[in-house]
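Accompanying notes for the structure given below.
Order of listing sets the numbers, starting from 1, for every ligand and every atom in it. Please read these numbers as outputs of a predicted model, since none were measured by experiment.
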Amino acid sequence: MQSPTTITSVGELRALTENWRRNGQRIGLVPTMGALHAGHLSLVALARNRVDRVVVSIFVNPFQFAPHEDFERYPRNIEEDYTRLASAGGTDIVFAPPLGELYPHGFATRIEVAGPARGLEAEFRPHFFSGVATIVAKLLIAATPDIAVFGEKDYQQLLVVRRLALDLGLATEILSAPIVRESDGLALSSRNAYFGTNERRIAGQLNRVLGQVATEIQSGVSIAEGERSGQAALLEAGFDTVDYVAIRDAATLSQLDGPIGNMRVLAAATIGGTRLIDNMPV
Ligand code: PAF
């Protein structure tokens, strides 16, 4: 079992990664906000298979939360995260900086994003992708990894990060890992910790409904009808609100007039005050 070392400053991270690189070692970064679960560990495992050194960052990024969102109550337990990483193995460094290390006094720079950052999540969380792009760019600049790994659960985020790396000419290759699910199909998420028993049961229906929509589209149902029936099925299953059920071009997330070869169905819905997202290929 390998116990990771925790570091908290960008200077230390740079010194370490420069040293690794001098010794010909390749570096992987797994950016997280902590509250680690098996989904995060699968990202670490993927990174470990590709590179010699793995850095897991743990930082709850305030810029990707709106004032009314759950920044304050977002689950934080660095000790538990550390233990989980240590027993899974594969992590060399936990980078867990304090707020002021990444956002020094007077911080005034944001990355503006468009393309795949338009619509879907952005309609309901307008601040979100600019906040994610800013922190991810900062982490990639600080760690200069050869690869960085993101989960497909946040599918739109994954496309935004790929676009960011391409547009800024960053040398890091962006890799993705499949969604890890509970036995009833619920995608693992740090926010699942908020659910009571009944909410948890309803939450498991999101994946089932997405599967149903994907099957409908494959059997010739129109995009509009698939989206409408998905919305209705989620409300029927007990979700309080449905922000969207959308069938999009999987590569760009642009809207579709009719079916194409590579589609993705994505949804966001709220149950008991907790907002869930999920997606799958069609
Ligand atoms: O997916 C997440 O956990 C976060 O959005 C990320 C990529 C770590 C940026 O804060």
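- Considering backbone and side-chain atoms together, N61 places no N or O closer than 3.5 Å to any N or O of ligand 1.
- Proximity of T32 to ligand 1, defined as any heavy-atom pair under 4.0 Å, is confined to the backbone N, CA, C and O atoms.
- Near I135, meaning under 4.0 Å from any of its heavy atoms, are these atoms of ligand 1: 9 (C), 10 (O).
- Short contacts between ligand 1 and Q157, defined as distances under 4.0 Å to a heavy atom of the residue, involve ligand atoms 1 (O), 2 (C), 4 (C), 5 (O), 7 (C).
- Just one residue in the list D243, D240, T270 forms a side chain to side chain donor-acceptor pair (under 3.5 Å) with R275, and that residue is D243.
- In this structure, the side chains of N207 and R181 come closer than 4.5 Å at one or more pairs of heavy atoms.
- Less than 6.0 angstrom separates the ring centroid of Y74 from the ring centroid of F65.
- For the residue pair E199/T274, the side-chain donor-acceptor check at 3.5 Å is not satisfied.
- A tilted orientation is assigned to the rings of H37 and H40, their planes being inclined by 30° to 60°.
- Close approach of ligand 1 to Q64 (heavy-atom distance below 4.0 Å) involves ligand atoms 4 (C), 5 (O), 9 (C), 10 (O).
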